[in-house]
Asks: 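Starting off with a structure, shown below.
Every heavy atom of this structure was used, including side-chain atoms; hydrogens, water molecules and symmetry mates were not.
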Amino acid sequence: MTDKIARSAVLAMLGEREADATICPSEIARRIASHSKNGWRAAMPRVHEAVDHLAARGYVASSWKGKSLSERRGPYRISRGQGYITPEN
């Protein structure tokens, strides 16, 4: 699994939801690790890196219990950022 796959999965999953919906990082890990024998937990570091990368560019935002987070830490949810772009098919 590459960083590009993880970033694409984040953007694609957000694109499949309502504009104001949030997603859990583990949902993304489960999607990209569905055929991996290491399981979704092994994919979590890649997901966190992808979220950090996308957040730094304004494509996604992080929150917890409805409150925006200035940086990813602890439990969090992912939403579309102000610079969100629809992933190319």
Asks: Using side-chain hydrogen bond (donor to acceptor under 3.5 Å, both in side chains) as the criterion, list what pairs up with R80, not counting sequence neighbours.
Replies: none
Asks: With sequence neighbours excluded, tell me which residues meet side-chain hydrogen bond (donor to acceptor under 3.5 Å, both in side chains) with E16.
Replies: R31
Asks: Using the ring pair (Phe, Tyr, Trp, His ring centres under 6.0 Å) criterion, which residues pair with Y84? Sequence neighbours excluded.
Replies: none
Asks: In Å and rounded to the nearest 0.5 Å, what is the SG to CD1 distance from C24 to I78?
Replies: 7.5 Å
Asks: Does one hydrophobic cluster hold both I23 and L69, with members joined at side-chain heavy-atom distances below 4.5 Å?
Replies: yes
Asks: What about W40 and I5, same hydrophobic cluster or not, with Ile/Leu/Val/Met/Phe/Trp/Tyr joined at side-chain heavy-atom distances under 4.5 Å?
Replies: no
Asks: Check residues 53-60 and write down every donor-acceptor pair under 3.5 Å in which the side-chain atom is one partner and the other belongs to a residue at least two apart or another chain.
Replies:
from: H53; atom 1: ND1; to: R57; atom 2: NH1; distance (Å): 3.2
from: R57; atom 1: NH1; to: H53; atom 2: O; distance (Å): 2.9

Asks: K65: what forms a side chain to side chain contact (heavy atoms under 4.5 Å, CB included) with it, not counting sequence neighbours?
Replies: none
Asks: Please report the shortest heavy-atom distance between G39 and A33, naming the atom on each side.
Replies: O-CB, 3.7 Å
Asks: Return the set of residues passing side-chain hydrogen bond (donor to acceptor under 3.5 Å, both in side chains) with S26 (not counting sequence neighbours), or none when no residue passes.
Replies: R30
Asks: Report yes or no: do Y76 and M13 belong to one cluster of Ile/Leu/Val/Met/Phe/Trp/Tyr joined by side chain heavy-atom distances under 4.5 Å?
Replies: yes
Asks: Hey, could you give me each pair passing salt bridge (Lys or Arg N to Asp or Glu O under 4.0 Å) that has a residue in residues 69-79? Not counting sequence neighbours.
Replies: D52-R72
Asks: Can you name the residues that form a side chain to side chain contact (heavy atoms under 4.5 Å, CB included) with S79, not counting sequence neighbours?
Replies: T22, A61
Asks: Which residues pass the side chain to side chain contact (heavy atoms under 4.5 Å, CB included) test with A9, sequence neighbours left out?
Replies: I28, I32
Asks: With sequence neighbours left out, what residues match E49 under salt bridge (Lys or Arg N to Asp or Glu O under 4.0 Å)?
Replies: none
Asks: Indicate the atoms forming the closest heavy-atom contact of V47 with P25, along with that distance.
Replies: CG1-O, 3.7 Å
